[in-house]
Visitor: 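Take this structure first; my questions come after.
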Amino acid sequence: MIQTQLASLVRSAMERAQSSGDLPAFPIPPFQMERPARKEHGDWSTSIALEVAKQAKMKPRDVADAIVKALGADPAEHIAGVEVAGPGFINIRLSHHWLTGLVRDVEQAGEAWGRSSATAPEKIQVEFVSANPTGPMHLGHGRWAAVGDTLARLLEASGNTVEREFYVNDFGVQMLKFGQSVAARYLELLGQKVEIPEGGYQGRYVIDIAKEILLEVGDKYRNVPDDERVAFMRVEGQRRMLLNQRLTLQRFGVEFDVWFSERSLHDEGAVERVVELLKQLGHLYEKDGALWLRTTDFGDDKDRVIVRSTDRMAAYLAADLAYFMDKLRRGFERLIYLVGADHHGWKREMQAAIRALGEDPEHCEFLIGQFVHLTRGGESVKMSKRTGEAVTFDELLDEVGVDAARYHFLRVSMDQSLNFDLEEVVRQSQENPVYYVQYAHARISSIVKHAREQGVTIAPLENVALEELQHESELDLLRKLGELPEAVEVGARRREPHRMTRYAEELASLFHSFYRDCRVVTDDEALTQARLHLVTAAQIGLRNTLGLLGVSAPESM
RNA sequence: GCCCUCGUAGCUCAGGGGAUAGAGCGACUGCCUCCGGAGCAGUAGGCCGCAGGUUCGAAUCCUGUCGAGGGCACCA
């Protein structure tokens, strides 16, 4: 990429300055070119002169001058100007020819514009959402669905191989309670008076599920032992909830490669095996009737139970570790867990336990996202699945639509808790900046259509005089368009998908300004052709960015 | 008590060592004989929670402090 080329140009200029004596000898630290905040400061800049001034025992500006002088001895073709500014910044301006050439780069890359091949591509698994199959998804799940999916898209666009995985927590006490709740509703529908168990699921959807099951199997499970009925209801209820979640996610544009069952780990003995392994490694001990893992030896603040005393069943940590081993076995080089803020203690526990297994937690990333706070007119609304007060994610999508919801979730950093006021949702959705971006895309389609109606056909690139693009608004648009690969790379590397919405808005904004300043279809044939190609390229940039966000790019609105 | 995240414009949030701190929404002023006004141009609005420190340079890093949310289970 251009910035690494520029950085090495500057570096070799410094080396030349050192051998000619304009700069004293000192080790040159690694540095990168930066994007100046203001365009008057050029396309790229570096503060290296400020950083090394002390070592050089010179004034920062004198260091900068020496570098620029040496740089001038080796002029690169795509550099139009270099200047020293402020306290000693070196600002570099790229040539007009290089800039307009971006139109060609973008058009030739097409769908691939913005993608890059990683210097060290990895096989990465991203695990996210992983809701219990005990109820419909709520808003919190929606946030992680959007964030996780776009993160996965960014990692793919950066040259990695990515798998999306959903861990189905279909084992344990919660599932049992769920089965009991469905069974109770089932019996209730058959006219029996039945209490929902303590800590059971009260939501309306449990009744709906019981009704569906009743329709399908009739009263076959009325007079069977409780255990048998509950087991059946648990399995049937889970199957339906899982389907429900899958359909919601599909509607939201999120497709998982693997739905991994926690129960399967128990059934296949993987959990037992990992406990046995830990035992052989000598990290387990008995206390109070339970089996403990000595995680304190590996950085945790307390030891953790791995086999419960109450029923001698494996605790959840054992399953998590068995799952982890399974992921390793499948050959992933990097595991990303996207979880809610309530899991932050679990992160430390997992890291310690992974070390206990003799594995390196460096290859595991635990991304902790903050919660969605649901309110209605400023009043807090609980999102409890058990009481059923929650507004489901599906209901939200009914109200605001997929594009607005996805964009809304992706506009803020996952470190930030997100307020969601239901009364304002509809209003906010109409004013959602997603439409601003989509509008720019649709407008370009409209321009191209207009050109066609005027009898203008778009000429092949090799016959187009891109140097016709001279207006500052045209060049600003081009510069931003040229930033997409960098934006994708940074978003992926820093695991910050929300950056892409900002980029989308900046690109759309510069397009709209261009539209104000420059008419595309005019009597000037050469200029018309150049601009048609410019807007085509801009549309590619917008479409690819929206694609990363999982938002549609409409031809008309 | 200990741990994690966050305090930036009226509201929702970007920016996370560099030059004059930004966007959307809201408020106010203008702009359609001409490719889509879901748009454009502009005005007002900020001691970047507070106090110290590191640095040539701090909204950004460190310490403390106050406030908000979350965690500290043989639950997932």
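Just so it is clear: chains get the letters A, B, ... in the order the sequence lines come, proteins before strands, and each one is counted from 1. Nothing here was measured: the structure is a model prediction, and the numbers come from that model.
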Visitor: Nearest of C74(B), U5(B), C75(B) to any side-chain atom of V305(A)?
Guide: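 That would be C74(B).
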
Visitor: Assess the side chains of S509(A) and E505(A): does a donor N or O sit below 3.5 Å from an acceptor N or O?
Guide: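 S509(A) vs E505(A): no donor-acceptor pair found between side chains.
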
Visitor: Regarding E165(A) and Q125(A), do their side chains bring together a donor and an acceptor under 3.5 Å, going by distance alone?
Guide: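 The answer is yes; a qualifying pair exists.
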
Visitor: Pick base, sugar-phosphate or nothing for S417(A), based on heavy-atom distances below 4.0 Å to the nucleic acid.
Guide: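 Counting heavy atoms under 4.0 Å across all strands, the contact made by S417(A) is with sugar-phosphate only.
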
Visitor: Look through every strand shown and name the nucleotide pairing with U60(B) as Watson-Crick or G-U wobble, where both distances are under 3.5 Å.
Guide: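 Across any shown strand, U60(B) pairs with none.
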
Visitor: Are a donor atom and an acceptor atom from the side chains of T528(A) and T522(A) found within less than 3.5 Å of each other?
Guide: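 Result is yes, a qualifying pair exists.
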
Visitor: Apply side-chain hydrogen bond (donor to acceptor under 3.5 Å, both in side chains) to residues D403(A) and Y435(A) and explain how you reach the verdict.
Guide: CA-CA 9 Å; D403(A) 286 343; Y435(A) 301 121; over 6 Å; no

Visitor: Scan H498(A) against the nucleic acid and name what it touches under 4.0 Å (heavy atoms): base, sugar-phosphate only, or nothing.
Guide: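 Answer is sugar-phosphate: H498(A) comes under 4.0 Å of backbone atoms only.
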
Visitor: Are T296(A) and D303(A) close enough that a side-chain donor and a side-chain acceptor fall under 3.5 Å?
Guide: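 Per modelled atom types, T296(A) and D303(A) side chains form a pair under 3.5 Å.
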
Visitor: Give me the distance, rounded to whole Å, that separates G64(B) from U5(B) when you measure between the P atoms they each carry.
Guide: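 Each nucleotide's P atom is 14 Å from the other's.
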
Visitor: Given the structure, check if the side chain of S45(A) and the base of A19(B) hold any donor-acceptor pair shorter than 3.5 Å.
Guide: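 Yes, the side chain and the base share a sub-3.5 Å donor-acceptor pair.
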
Visitor: In terms of the nearest nucleotide of RNA chain B, which residue is placed more toward the 5' end: E51(A) or S509(A)?
Guide: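 Closest to the 5' end, via its nearest nucleotide, is E51(A).
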
Visitor: Rounded to whole angstrom units, what separation is found between the CG atom of D342(A) and the P atom of G70(B)?
Guide: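 Distance, rounded to whole Å: 10 Å.
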
Visitor: Classify the nucleic acid contact of D301(A) as base, sugar-phosphate or nothing, counting any heavy atom under 4.0 Å across all strands shown.
Guide: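 The residue D301(A) makes no contact with any strand.
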
Visitor: Could you check how far CZ of R143(A) sits from C1' of G69(B), rounded to whole Å?
Guide: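 One finds 12 Å between C1' of G69(B) and CZ of R143(A), rounded.
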
Visitor: Relative to the ring of Y167(A), is the ring of Y323(A) parallel (under 30°), tilted (30 to 60°) or perpendicular (over 60°)?
Guide: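 Ring orientation, 0 to 90° scale: parallel.
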
Visitor: I want to check one thing: is the phosphate of A14(B), taken as OP1 and OP2, less than 4.0 Å away from some side-chain N or O of Q416(A)?
Guide: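 Affirmative; the distance criterion is met.
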
Visitor: Does T501(A) reach a base, just sugar-phosphate, or nothing at all? Heavy atoms under 4.0 Å.
Guide: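 Nothing: the residue T501(A), judged by heavy atoms under 4.0 Å, touches no strand.
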
Visitor: Say we look at A51(B) and A59(B): how far apart would their P atoms be, to the nearest angstrom?
Guide: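 After rounding to an integer number of Å, I get 13 Å for this pair.
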
Visitor: In whole Å, what separates the P atom of C28(B) from that of G67(B)?
Guide: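 About 38 Å, rounded to a whole number of Å.
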
Visitor: Could you check whether L418(A) gets within reach of a base, just the sugar-phosphate, or nothing at all, counting any heavy atom under 4.0 Å?
Guide: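 If one applies the 4.0 Å heavy-atom cut-off, L418(A) turns out to touch the sugar-phosphate alone, with no base involved.
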
Visitor: Can you check the distance between G49(B) and U8(B), where both ends of the measurement are the C1' atom (answer in whole Å)?
Guide: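 Those two atoms are separated by 10 Å.
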
Visitor: C1' atom, A21(B) versus G16(B): distance in rounded Å?
Guide: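 Rounded to whole Å, the distance is 13 Å.
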
Visitor: Between A19(B) and H41(A), is there a base-stacking contact, meaning the centre of the base's six-membered ring lies under 5.5 Å from the residue's ring centre while the planes stay under 30° apart?
Guide: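 Whether judged by distance or by angle, H41(A) passes, so it stacks on the base of A19(B).
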
Visitor: Given C74(B), C6(B), G37(B), which nucleotide is nearest the side-chain atoms of W292(A)?
Guide: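 So the nucleotide nearest the side chain must be C74(B).
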
Visitor: Counting side-chain heavy atoms from CB outward, which of G7(B), U20(B), G36(B) is closest to E40(A)?
Guide: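 My answer, after comparing the listed nucleotides, is U20(B).
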
Visitor: Looking at K347(A), I'd like to know whether one of its side-chain N or O atoms comes within less than 4.0 Å of OP1 or OP2 on C3(B).
Guide: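 No, outside the criterion.
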
Visitor: Considering only atom C1', compute the distance from G45(B) to A23(B) and round it to an integer number of Å.
Guide: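 The same atom, C1', in both gives a distance of 15 Å.
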
Visitor: So does H344(A) reach the base of C3(B) with its side chain, donor to acceptor, closer than 3.5 Å?
Guide: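 By the distance-only test, yes, there is a pair.
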
Visitor: Of all the choices, A76(B), G70(B), A19(B), which nucleotide is nearest to the side chain of F371(A) once you look at every atom?
Guide: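 Looking only at heavy atoms from C-beta outward on F371(A), the closest nucleotide is G70(B).
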
Visitor: Which part of the nucleic acid does A440(A) contact within heavy-atom distance under 4.0 Å: base, sugar-phosphate only, or nothing?
Guide: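 Nothing: the residue A440(A), judged by heavy atoms under 4.0 Å, touches no strand.
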
Visitor: Looking only at N and O atoms, is any donor in the side chain of N432(A) or the base of A38(B) less than 3.5 Å from an acceptor on the other one?
Guide: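 When only heavy-atom distances are counted, N432(A) does not reach the base of A38(B) through any donor-acceptor pair under 3.5 Å.
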
Visitor: Compute both the distance and the angle, then confirm whether K327(A) meets the cation-pi test with Y337(A): under 6.0 Å from the six-membered ring centre, within 45 degrees of the axis.
Guide: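 Cation-pi check for K327(A) and Y337(A): passes.
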
Visitor: Name the orientation class of the two ring planes belonging to W259(A) and F256(A) (parallel below 30°, tilted from 30 to 60°, perpendicular beyond 60°).
Guide: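 The rings of W259(A) and F256(A) stand perpendicular, inter-plane angle above 60°.
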
Visitor: My understanding is that a pair needs two contacts under 3.5 Å, Watson-Crick or G-U wobble. By that rule, which nucleotide pairs with C32(B)?
Guide: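 No nucleotide pairs with C32(B).
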
Visitor: Does a side-chain N or O from H408(A) land closer than 4.0 Å to OP1 or OP2 of G24(B), or not?
Guide: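 No, no such contact exists.
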
Visitor: If I take atom CD in residue Q430(A) and atom C1' in nucleotide G24(B), what distance separates them, rounded to the nearest angstrom?
Guide: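 Interatomic distance, CD of Q430(A) to C1' of G24(B): 15 Å.
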
Visitor: Describe the nucleic acid contact of K449(A) in one word from base, sugar-phosphate, nothing, applying a heavy-atom distance below 4.0 Å.
Guide: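 Nothing: the residue K449(A), judged by heavy atoms under 4.0 Å, touches no strand.
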
Visitor: Please determine, for the side chain of V520(A), which listed nucleotide (C35(B), A73(B), A19(B)) has the closest atom?
Guide: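 Output: C35(B).
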
Visitor: Mind checking who A19(B) pairs with, Watson-Crick or G-U wobble, both distances under 3.5 Å?
Guide: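 Across any shown strand, A19(B) pairs with none.
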
Visitor: On the nucleotide A76(B), are OP1 or OP2 found under 4.0 Å from the side-chain N or O atoms that Y167(A) carries?
Guide: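 For A76(B), neither OP1 nor OP2 has a side-chain N or O of Y167(A) closer than 4.0 Å.
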
Visitor: Taking any heavy-atom pair under 4.0 Å as a contact, classify R531(A): base, sugar-phosphate, or nothing.
Guide: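 Counting heavy atoms under 4.0 Å across all strands, no contact is made by R531(A).
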
Visitor: Glycosidic conformation of C61(B), syn or anti, with 90° from 0 as the boundary?
Guide: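 This nucleotide is in anti.
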
Visitor: Scan every strand shown for a Watson-Crick or G-U wobble partner of G10(B), both distances under 3.5 Å, and answer none if you come up empty.
Guide: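 When the pairing criteria are applied, C25(B) turns out to be the nucleotide that pairs with G10(B).
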
Visitor: In terms of the nearest nucleotide of RNA chain B, which residue is placed more toward the 5' end: V412(A) or F89(A)?
Guide: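 Residue closer to the 5' terminus by nearest nucleotide: V412(A).
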
Visitor: Does S47(A) place a side-chain N or O at less than 4.0 Å from the phosphate oxygens OP1/OP2 of G18(B)?
Guide: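 For G18(B), OP1/OP2 do not have a side-chain N/O of S47(A) under 4.0 Å.
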
Visitor: Could you tell me the Watson-Crick or G-U partner of A38(B), where both distances fall under 3.5 Å? Say none if there is no partner.
Guide: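 Looking at the geometry, A38(B) pairs with no nucleotide.
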
Visitor: The side chain of R499(A) lies closest to which of these nucleotides: C75(B), G36(B), G16(B)?
Guide: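 Nucleotide nearest to R499(A)'s side chain: G16(B).
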
Visitor: Suppose you measure atom C1' in U20(B) against the same atom in U65(B); what distance do you get, rounded to whole Å?
Guide: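 Rounded to whole Å, the distance is 32 Å.
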
Visitor: Using 30° and 60° as the class boundaries, would you call the ring planes of W346(A) and H343(A) parallel, tilted or perpendicular?
Guide: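 Ring orientation of W346(A) relative to H343(A): perpendicular.
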
Visitor: Side chain of Y316(A), heavy atoms from C-beta onward: which of C75(B), C13(B), A41(B) has the nearest atom to it?
Guide: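 The listed nucleotide nearest to Y316(A)'s side chain is C75(B).
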
Visitor: Do any side-chain nitrogens or oxygens of R502(A) fall under 4.0 Å of OP1 or OP2 in G22(B)?
Guide: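 The answer is no; no side-chain N or O of R502(A) sits under 4.0 Å from OP1 or OP2.
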
Visitor: Which one, C75(B), A19(B), A14(B), comes nearest to the side chain of V173(A)?
Guide: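 Selected nucleotide (nearest to the side chain): C75(B).
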
Visitor: Using a heavy-atom cut-off of under 4.0 Å over every strand shown, decide if D300(A) touches base, sugar-phosphate, or nothing.
Guide: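 Nothing: the residue D300(A), judged by heavy atoms under 4.0 Å, touches no strand.
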
Visitor: Counting side-chain heavy atoms from CB outward, which of A23(B), G69(B), C74(B) is closest to R411(A)?
Guide: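 Output: A23(B).
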
Visitor: Which nucleotide, if any, forms a Watson-Crick or G-U wobble pair with U65(B), using both distances under 3.5 Å?
Guide: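 Checking every strand shown, U65(B) finds its partner in G49(B), with both distances under 3.5 Å.
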
Visitor: Classify the side chain of Y439(A) and the base of A38(B) as holding, or not holding, a donor-acceptor pair under 3.5 Å.
Guide: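 Answer is no: no donor-acceptor pair is held.
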
Visitor: From the options G36(B), U55(B), C74(B), select the nucleotide whose nearest atom is closest to the side chain of A442(A).
Guide: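 Closest of the options to the side chain of A442(A): G36(B).
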
Visitor: Anything under 30° is parallel, anything over 60° is perpendicular, the rest tilted; go ahead and classify F178(A) against Y205(A).
Guide: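 Ring orientation, 0 to 90° scale: parallel.
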
Visitor: On a whole-Å scale, what distance lies between the P atoms belonging to A58(B) and C62(B)?
Guide: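 The same atom, P, in both gives a distance of 16 Å.
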
Visitor: Which is true for R516(A) with a 4.0 Å heavy-atom rule: it touches a base, it touches only sugar-phosphate, or it touches nothing?
Guide: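 Sugar-phosphate, no base atom in range.
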
Visitor: Does C72(B) have a Watson-Crick or wobble mate here (both distances under 3.5 Å), and if so which one?
Guide: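 Paired with G1(B).
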
Visitor: Strictly below 4.0 Å: does Y435(A) bring a side-chain N or O up to OP1 or OP2 of G36(B)?
Guide: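 Checking Y435(A) against G36(B): no side-chain N or O falls below 4.0 Å of OP1 or OP2.
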
